[in-house]
Amino acid sequence: MKAITTTLFLLLSIITLAQSPYEKAMTKALEQMHENPQAAAQQFERISKAEKDNWIPAYYAALSNINSSWGQYPKEQTLATMEKAQEFIDIAQSLSPKNAEIMVLQGLLNTCWITYDGSIYGMKLSGPTTALYEKAYAMAPDNPRVVSNRAQWLMGSARYFNKDVSPYCSDLDKAVALFEQEKTSGFEPQWGLEGTLKAQQDCK
């Protein structure tokens, strides 16, 4: 047992040592995302400034700021994180146009704005957000984050108008199946299963 533990430790050490500075920084930032999204956002921002041709760090900087924009902080702080998220969505889009993953981020950020002040942003952003998700779905119908977040957006809209959400439950089932089949490499987006499973609870 001791020999196996020692071997695993040496293997992990070799893997860690074999990482490039970019990989080490991204790994550290991704580890921070759940515990401290704001610290992760700052780390991704630093990486993005060093990786000027790479959309992935800007993508995660935007996602980390979005994760801090759901009303868990005071309004002034929420406003700052939403503005920061938009800044990095714009950077990511400039580096990777017509990217369905980035469209999902824009849809999520629009939802943050509506949550922040529905009286101002509800009417302004509801239509464009639906159009954005439909565009992303047309481009990437087998992307689990596209399928799941589109369904969750439509379910939220249905709830607002006191309509049945069950028509969208099959889309969540499809998203879960796609998450289970998903094969990603490097630091490509791979989040979303946990939120999808939680959204499925509304279908039971």
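Here the structure is a predicted model, which means the values were calculated and not measured.
Between E45 and K49 there is a salt bridge, since at least one side-chain N of the basic residue sits less than 4.0 Å from a carboxylate O of the acidic one. The pair R159-D202 meets the salt-bridge criterion, since a charged nitrogen lies less than 4.0 angstrom from a carboxylate oxygen. Using a 4.0 Å cut-off between charged side-chain N and carboxylate O, K28 and E31 make no salt bridge. Remark: R145 engages E182 in a salt bridge, criterion side-chain N to carboxylate O under 4.0 Å.
The neighbour count for Q72 CD, taken as heavy atoms of other residues, nucleotides or ligands under 6.0 Å away, is above 12. In the displayed structure, E76 atom CD is contacted under 6.0 Å by at most 12 heavy atoms of other residues, nucleotides or ligands.
Side-chain atoms of T78 come within 3.5 Å of backbone atoms of P74 as a donor-acceptor pair (strictly under, hydrogens ignored).
Side-chain contact check for E51 versus S48: every heavy-atom pair is 4.5 Å or farther apart. Y116 has its side chain out of reach of T111: every pair of non-hydrogen atoms, C-beta onward, lies at least 4.5 Å apart. Between S126 and Y160, every side-chain heavy-atom pair lies at or beyond the 4.5 Å cut-off. Under the 4.5 Å side-chain criterion, counting only non-hydrogen atoms from C-beta, E83 is not in contact with N65. Inter-residue side-chain proximity for K174 and P144 is flagged as unmet; no heavy-atom pair is nearer than 4.5 Å. Side-chain contact between N143 and L178 is absent, with no heavy atoms from C-beta onward closer than 4.5 Å. With contacts defined as side-chain heavy-atom distances shorter than 4.5 Å, the pair I56/M26 qualifies.
Applying the ring pair (Phe, Tyr, Trp, His ring centres under 6.0 Å) test to pairs two or more places apart or on separate chains, those with a residue in residues 35-56 are F44-Y60, W55-Y59.
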Test log, rule side chain to side chain contact (heavy atoms under 4.5 Å, CB included), inputs Y73 and Q38: CA-CA 11 Å; Y73 297 113; Q38 292 188 311; 4.0 Å; yes

Practice item. Show your working on side chain to side chain contact (heavy atoms under 4.5 Å, CB included) between Y133 and V146 and close with a plain yes or no. Key: CA-CA 7 Å; Y133 277 125; V146 171; 5.8 Å; no

Going through the distances and angles, do D173 and Q200 end up as a side-chain hydrogen bond (donor to acceptor under 3.5 Å, both in side chains)?
-> CA-CA 8 Å; D173 295 340; Q200 271 187 320; 2.7 Å; yes

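The two residues A25 and Q43 come nearest to each other via the heavy atoms O-NE2, 3.3 Å. Heavy atoms only, all atoms of each residue included: T196 and A175 are closest at CG2-CB, 4.0 Å. In plain terms, the two heavy atoms of A151 and D171 that are nearest each other are CB-CB, 3.7 Å. The two atoms that bring Y121 and I114 nearest to each other are O-CG1, 3.5 Å, heavy atoms only. Of all heavy-atom pairs between A138 and P141, the closest is O-CD, 4.0 Å. Here the closest heavy-atom approach between residue P37 and residue H34 is recorded as CD-O, 4.3 Å.
In this structure, a donor-acceptor pair under 3.5 Å is present between the side chains of Q152 and S148. If you check the side chains of T130 and W153, you find a donor sitting under 3.5 Å from an acceptor. If you check the side chains of S69 and T81, you find a donor sitting under 3.5 Å from an acceptor. Counting only N and O atoms by type, the side chains of Q93 and N99 include no donor and acceptor under 3.5 Å apart.
Residues V104 and L95 are members of one and the same hydrophobic cluster, defined by side-chain heavy-atom contacts under 4.5 angstrom among Ile, Leu, Val, Met, Phe, Trp and Tyr. By the rule that hydrophobic residues join a cluster once side-chain heavy atoms approach within less than 4.5 Å of another member, W191 and W70 end up as members of one cluster. Placement of L125 and M103 in two distinct hydrophobic clusters is found when ILVMFWY residues are connected by side-chain heavy-atom separations under 4.5 Å, directly or transitively. Residues F187 and L193 do not share a hydrophobic cluster, clusters being chains of Ile/Leu/Val/Met/Phe/Trp/Tyr side chains in contact below 4.5 Å. Residues M82 and L108 are members of one and the same hydrophobic cluster, defined by side-chain heavy-atom contacts under 4.5 angstrom among Ile, Leu, Val, Met, Phe, Trp and Tyr.
A cation-pi arrangement, defined by a distance under 6.0 Å to the six-membered ring centre and an angle within 45 degrees of its axis, is present between R150 and Y137.
In this structure, the separation between CE on M33 and CG on L63 is 4.0 Å, given to the nearest 0.5 Å. If you take NZ on K98 and CE on M139, they are separated by 8.0 Å, rounding to the nearest 0.5 Å. Taken to the nearest 0.5 Å, the CG atom of L172 stands 11.0 Å off from the CD atom of Q201. From I47, atom CD1 reaches atom CG of N54 across 9.5 Å, with rounding to the nearest 0.5 Å. In this structure, CH2 on W113 lies 7.5 Å from CG on L109, to the nearest 0.5 angstrom. Distance OG/S64 to CD/Q42: 10.0 Å, rounded to 0.5 Å.
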